[in-house]
Amino acid sequence: MSANSVLSQTLVQNLSRLKENRLHRELITVDKRTSATISISGKQYLNFAGNDYLGLSTMPEICEALNEGIRLYGAGTGASAVVTGHTRAHHELEEFLKEITGKEAVILFNTGFAANQTLIKAGISLKTNMVLDRLVHASMQDAVFSAEKFQRYRHNDMKHAEAMLEKNPNSIIFTEGVFSMDGDMANLKQLVTLSRKYASTLVLDDAHGFGVLGQHGRGTPEHQGISMKDIDVYMGPLSKACGLSGAFVASDRDFVDYLINTGREYIYSTAAPAFIAHALIKSLEIITGPKGNELRKHLSEMTDFFRRRFHENHISAELLESSSSIQPVIIGDNSRLIAVNERLRNQGILCGAIRPPTVPKGTARLRITITAAHMEEDIVRLTEALGEISQ
Ligand SMILES: Cc1ncc(COP(=O)(O)O)c(C=O)c1O
């Protein structure tokens, strides 16, 4: 690009503005990771920054299943699912997900981002009003801004949601199960009641609940005692607790058929490699089996331990109310967050440093994620470091 072009000058100005406001993002290059540790430029850190909640991403059984999948199906699929990219492995994964969710049909996507874009665009093409929690993920927000009719209710404010649905029955309601940056949960019971009262369709993005919550890892609905039958459309990324990548949407046959036939992210994208689908079956076997129960139990104990230690250490920062693996510590100012994060890194600890526009202005935060791969001594190190830094 010519350095003198208007485009080039504008982008340099925009980048400078991001730098001035301490909002510029820089990539780190990870050399090696286990589920609890991460190596960057020759230094090892305790990793509290990912979404690998059960530690499956480096589990030997999953890596072996990937190898087996390559032996069975080769490397890439070479085509979209609607051409020749839908393999036996994809089919078997869909069948397993149907069994887990109790839904009639399942469609697989390459990412949760793509799945959400397709879901919102389905709402647009069906000319349906859409009602969203204000804090739903960027993948839904970005797509919905091109819709003619949508409203966003204050985060988890059911009265506000009802006021919107009263005026616009027959809507599609979008919520997350566990909110990705706050770690709190949607009130599914009330959302189900509202969706029935106002003849609306409830879509649940359970990115941070699927696999992690509920006795059998069936996510936020199972955790809250809500039947999957009452969730009209269930979206679950396979990139977080499942330890790999991809996403699925489970719903009734007609809805899934509609997505297969209209979802541009589905139709015009090469299907994910079959070896990933093959390994995801192993991952789901672990999640729904006794090992999954053990991992969830340990994760829940580690999360409780973290919250106890945080309060016992009198850390002078606000820890948001959250019983999930996502434990946000509000720092507020962007520059201060960067400084705090740097000090944690100097102590060999890596946390997510989340700034606007991902979170509202003035609420920059450490996004600490506890996983089943963490041990008590890891949490002690983390809380001691936070205690020192907050003084
Ligand atoms: C709530 C939520 N939905 C969707 C996604 C996108 O999923 P993926 O990473 O598979 O694209 C994310 C990613 O972090 C998320 O937090």
Side-chain angles (χ1 to χ4, degrees), residues 25 27 30 47-54 56-57 93 97 106-123 130 132-144 152 155-156 172-186 188 191 202-213 219-221 223 231 233-250 259 263-266 269-273 276-277 279-280 283-284 287 320 322 324-328 351-355 357-359 365 367-371:
R25 298 167 199 252
L27 295 182
V30 174
N47 183 11
F48 290 99
N51 300 309
D52 182 16
Y53 299 119
L54 298 180
L56 261 55
S57 75
L93 175 60
L97 286 164
V106 160
I107 174 174
L108 298 173
F109 287 87
N110 289 349
T111 64
F113 199 100
N116 279 343
Q117 295 262 310
T118 290
L119 285 170
I120 297 273
K121 289 179 195 172
M130 287 180 275
L132 302 85
D133 187 292
R134 202 169 259 284
L135 289 193
V136 294
H137 192 254
S139 46
M140 288 176 262
Q141 309 263 5
D142 286 3
V144 89
R152 296 185 306 156
H155 176 49
N156 269 345
I172 308 182
I173 307 167
F174 290 86
T175 185
E176 287 180 26
V178 176
F179 283 85
S180 60
M181 294 301 138
D182 286 39
D184 58 345
M185 291 181 210
L188 291 182
L191 283 167
L202 180 59
V203 178
L204 172 63
D205 170 349
D206 210 11
H208 304 278
F210 183 68
V212 190
L213 291 178
T220 315
H223 178 75
I231 309 293
V233 181
Y234 184 86
M235 196 290 272
L238 300 162
S239 49
K240 313 229 180 314
C242 296
L244 284 141
S245 68
F248 69 95
V249 172
L259 299 186
R264 295 176 73 80
E265 291 77 8
Y266 187 70
S269 188
T270 301
I276 294 187
L280 277 166
S283 160
L284 292 176
I287 283 175
L320 291 189
S322 157
S324 74
S325 329
I326 303 166
Q327 295 291 324
C351 298
I354 313 291
R355 290 164 283 165
T358 308
V359 291
R365 66 196 66 183
R367 179 180 184 266
I368 295 171
T369 46
I370 312 293
T371 77

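All ligand and atom numbering here is 1-based and tracks the order in the structure. For the single chain, residues carry numbers from 1 onward in sequence order.
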What atoms of ligand 1 come closer than 4.0 angstrom to any heavy atom of [X]?
| X | result |
| --- | --- |
| Gly112 | 6 (C), 7 (O), 8 (P), 10 (O), 11 (O) |
| Ser239 | 8 (P), 9 (O), 10 (O) |
| Ala207 | 1 (C), 2 (C), 3 (N), 15 (C) |
| Lys240 | 7 (O), 8 (P), 9 (O), 12 (C), 13 (C), 14 (O) |
| Asn116 | 3 (N), 4 (C) |
| Ser180 | 16 (O) |

Quiz item: Do the non-hydrogen side-chain atoms of Phe109 and Leu238 ever get within less than 4.5 Å of each other?
Solution: no
Quiz item: So do the side chains of Asp206 and Lys240 get within less than 4.5 Å of each other, counting heavy atoms only?
Solution: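 No; the side chains remain at least 4.5 Å from each other.
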Quiz item: Who are the side chain to side chain contact (heavy atoms under 4.5 Å, CB included) partners of Ser139, not counting sequence neighbours?
Solution: Phe113, Asn116, His137
Practice problem: Give the minimum heavy-atom separation between Asn156 and Asp184, together with the two atoms involved. | Solution: ND2-OD2, 3.6 Å
Looking only at distances, can you tell me whether any N or O atom of [X], backbone or side chain, sits closer than 3.5 Å to an N or O atom of ligand 1?
| X | value |
| --- | --- |
| Asp205 | yes |
| Phe113 | yes |
| His208 | yes |

Quiz item: Is the His208 ring parallel, tilted or perpendicular to the Tyr53 ring (thresholds 30°, 60°)?
Solution: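 The rings of His208 and Tyr53 stand perpendicular, inter-plane angle above 60°.
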Quiz prompt | All salt bridge (Lys or Arg N to Asp or Glu O under 4.0 Å) counterparts of Asp133, not counting sequence neighbours | solution = none
Quiz item: Does Thr369 use its side chain to pair, donor to acceptor, with the backbone of Phe48 at less than 3.5 Å?
Solution: yes
Quiz item: What's the shortest distance from atom 12 (C) of ligand 1 to any protein heavy atom, and which residue and atom give it?
Solution: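 Residue, atom and distance for the closest contact: His137 NE2, 3.3 Å.
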